[in-house]
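Written out below as structure tokens is the structure these notes cover.
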Amino acid sequence: MAKQLGSWVSGAWVAGKGKPAQLVNPTTEGVLAETSTEGVDMARALAFARDVGGPALRAMSFKERGALVRKLSRAIHEKRDELIALGVQNAGNTRSDAKFDVDGASITLGAYADLAEELGDAKVLVDGEPINLGRSSKLAAQHAYFPLHGAAVHVNAFNFPAWGLAEKAAVALLAGMPVITKPATSTALMSHRIMELFVEQQLLPAGALSFLCGSAGDLISHLRGQDVLAFTGSGDTGAQLRGMKNVVAGAVRVNVEADSLNAAILGADVESGTDTFDLFVKDVVRDATQKAGQKCTAIRRVFVPAARLDEVRDALADRLSQAKVGDPSREDVLVGPLATKKQQEDVLAMIDRFAKAGCKVVVGGGKPKEALGVEAGKGFFVAPTLLEVAAIDAVADVHEHEIFGPCTTLIPYESTDALIAAVRRGGGGLVASLYSDDKALVRDVVYGIASSHGRLVLGNEKVAGSAVPPGTVMAQLVHGGPGRAGGGEELGGIRGMELYLQRVALQGYGPLVASLVEGGKRV
Ligand code: NAP
């Protein structure tokens, strides 16, 4: 019988009723576990988080909360191998893909634990300098941040079961808010194990972190004013949740991380054989293959000067056609299956749609001929795929739809103006990367596309040996983007904590105001 997973809510493991959802191994299609949240009392779970977890966290200083976050980081790191194995089994990750997720989780928690040390023994963050309201400092004001008194609900996507849980929880817990976290059901095995570790070792005060394994049920409909919803997933679900009556009426804070047509741009100055060119090719290939292309930050559109199209096509086609697809537990396999059958169907349908709209299929374009080490016909595989358009505006779909799989599209451009306009047609992205050693070009492109992105990665010969790839989200830098990307912003050190804090203007007798925020880190 498949393993039965429970939810950790209101301080206890609870099993759902009714017909369970199945968690599948996407390589073998075998059922690994089952879970249900039917019958879980969501209103009670929220009340427990707000009333028990909230006061416990708010009674602590940043430093004390940071110590908790550090314990979570260590607990994940100690069971790294076990967790990686679960990523291979349930998410179709190669070991390297799963490490990216699991290590990303412990590193992000660790980074917020470090930040807590800097924030010190205070319970308040101080925003800017005191403002004199009269001629002297007798009457003064000070802006400061205090934690909200509700619960933070975190809804995550299927592609990062460890990091998704950790990156959101680290920020909210450090800010002083209790969390109810919900991984995507299909790949929840790893998140479930992480939660088991936290509970077994009693790392957190009661109510500080709850865990919902399965459908969210009516959870979101119980949110109210002091609660927060941080969502990662499709734009459609994000829009639906943001528009719910209680969410709108209660002005519940909502952060959405959604789709993104991330661009990689090769500057017209970059010749093949240079370090900058090689960095560009490496980043594009990594993003088309790592996690089988199921990264929100993966490069979907590859903009190349028209005059260099042939050499770029050759370089990418060569690498992608050699990428081995198959059982992700094998050392020689670079690309595992997609996480679910639905993902595979959606990706294949979208590739077909792009091809019918005029994209040339350079490499791949369907299921792979062979999946190494996998029974014929089994597994949710898609071959690494390189598409190409004849001209920058030739296929509108390329600038409007995300293919969330091992697929990217080559797009030739003739001028910097046309390039900027086309990148912006993506409607708002998480990240774009620009590879150029021409300072003037970099400046033009950055000023042209900055307002439609959350992050811009600038690759050149000076950083080619040490660059952090655009697909890697770092705790110190903001993650999010405008428009299609959801309009959200996570991480970025202290910046990410603002979602969980209320900025208050304290005004009155200057010395009294100053005493209220004494010891607080000025940000
Ligand atoms: P999805 O269907 O929107 O699901 C995402 C999450 O929302 C899952 O946990 C899902 O739970 C939950 N959910 C669905 N309907 C809900 C509802 N009515 N109320 C509450 N929760 C609900 O997204 P997906 O298609 O699985 O995910 C892939 C998409 O996520 C891609 O388009 C990708 O671009 C995006 N993504 C974005 C980022 C980012 O950081 N910007 C990161 C990763 C992925 P169940 O699993 O239980 O259905």
Side-chain angles (χ1 to χ4, degrees), residues 5 7 16 20-24 35-38 40 42 90-91 101 104 108 153-165 167-168 180-189 191-192 211-223 229-244 246-247 254-262 287 291-300 338-347 350 401-405 426-431 453-455 471-473 478-491 496:
L5 306 181
S7 295
Q22 295 186 323
L23 283 68
V24 173
T35 191
S36 166
T37 55
E38 201 183 310
V40 173
M42 303 290 176
N90 182 213
D101 187 17
T108 304
V153 169
H154 294 166
V155 177
N156 279 311
F158 64 81
N159 53 350
F160 282 95
W163 177 81
L165 184 158
E167 58 100 15
K168 285 185 171 64
I180 297 184
T181 188
K182 188 204 116 45
T185 306
S186 57
T187 58
L189 205 51
S191 334
H192 182 271
F211 176 80
L212 211 55
C213 197
S215 161
D218 64 358
L219 174 72
I220 310 299
S221 68
H222 296 290
L223 297 185
L229 171 63
F231 168 83
T232 296
S234 67
D236 287 348
T237 312
Q240 186 196 331
L241 299 183
R242 199 194 319 250
M244 283 176 64
N246 62 304
V247 171
V254 180
N255 192 78
V256 173
E257 298 291 340
D259 318 343
S260 184
L261 298 167
N262 311 300
D287 275 6
K291 282 198 161 261
Q294 300 164 110
K295 273 189 336 215
C296 51
T297 48
I299 296 164
R300 306 293 176 198
L338 301 199
T340 62
K341 184 155 188 60
K342 166 128 191 353
Q343 260 315 107
Q344 183 201 34
E345 286 168 357
D346 287 355
V347 166
M350 201 54 94
H401 296 285
E402 179 191 46
I403 303 184
F404 204 62
L430 296 173
V431 59
H453 290 85
R455 187 160 55 93
T472 300
V473 174
V478 291
H479 170 60
R484 183 192 305 279
E489 193 176 272
E490 292 184 332
L491 299 172

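The shown structure was predicted, so the numbers you read here are calculated from the model rather than taken from an experiment. Counting convention: from 1, in listed order, for ligands and their atoms alike.
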Results of salt bridge (Lys or Arg N to Asp or Glu O under 4.0 Å) for Asp287 - residues two or more places apart only = Lys295

request  = Look at the side chain of Asn255 and the backbone N and O of Gly488, then say whether any donor-acceptor pair between them is shorter than 3.5 Å.
outcome  = no

inquiry  = Has Lys168 got a side-chain atom pairing as donor or acceptor with Ala230's backbone, closer than 3.5 angstrom?
reply    = no

task = For Thr237, enumerate each residue passing the side-chain hydrogen bond (donor to acceptor under 3.5 Å, both in side chains) test, keeping only those at least two apart in sequence or located in another chain.
result = Ser234

key: Sequence-distant partners of Asp259, side-chain hydrogen bond (donor to acceptor under 3.5 Å, both in side chains), two or more places apart   = none

List, pair by pair, the atoms of ligand 1 and of the protein that are both N or O and lie under 3.5 Å apart, giving the separation rounded to 0.1 Å.
unit_1: ligand 1; atom_1: 3 (O); unit_2: Ser234; atom_2: N; d: 3.0
unit_1: ligand 1; atom_1: 3 (O); unit_2: Ser234; atom_2: OG; d: 2.8
unit_1: ligand 1; atom_1: 3 (O); unit_2: Thr237; atom_2: OG1; d: 2.7
unit_1: ligand 1; atom_1: 9 (O); unit_2: Asn156; atom_2: O; d: 2.6
unit_1: ligand 1; atom_1: 9 (O); unit_2: Lys182; atom_2: NZ; d: 3.4
unit_1: ligand 1; atom_1: 11 (O); unit_2: Lys182; atom_2: NZ; d: 3.0
unit_1: ligand 1; atom_1: 23 (O); unit_2: Ser234; atom_2: N; d: 3.3
unit_1: ligand 1; atom_1: 30 (O); unit_2: Gly233; atom_2: O; d: 3.3
unit_1: ligand 1; atom_1: 32 (O); unit_2: Asp259; atom_2: OD1; d: 3.0
unit_1: ligand 1; atom_1: 32 (O); unit_2: Glu402; atom_2: OE1; d: 2.9
unit_1: ligand 1; atom_1: 34 (O); unit_2: Glu402; atom_2: OE1; d: 2.9
unit_1: ligand 1; atom_1: 34 (O); unit_2: Glu402; atom_2: OE2; d: 3.0
unit_1: ligand 1; atom_1: 40 (O); unit_2: His479; atom_2: NE2; d: 2.9
unit_1: ligand 1; atom_1: 41 (N); unit_2: Ala258; atom_2: N; d: 3.3
unit_1: ligand 1; atom_1: 41 (N); unit_2: Ala258; atom_2: O; d: 3.0
unit_1: ligand 1; atom_1: 46 (O); unit_2: Thr185; atom_2: N; d: 2.9
unit_1: ligand 1; atom_1: 47 (O); unit_2: Lys182; atom_2: NZ; d: 2.9
unit_1: ligand 1; atom_1: 47 (O); unit_2: Thr185; atom_2: OG1; d: 2.5

key: Check: Phe158 and Gln294 side chains under 4.5 Å, non-hydrogen atoms   = yes

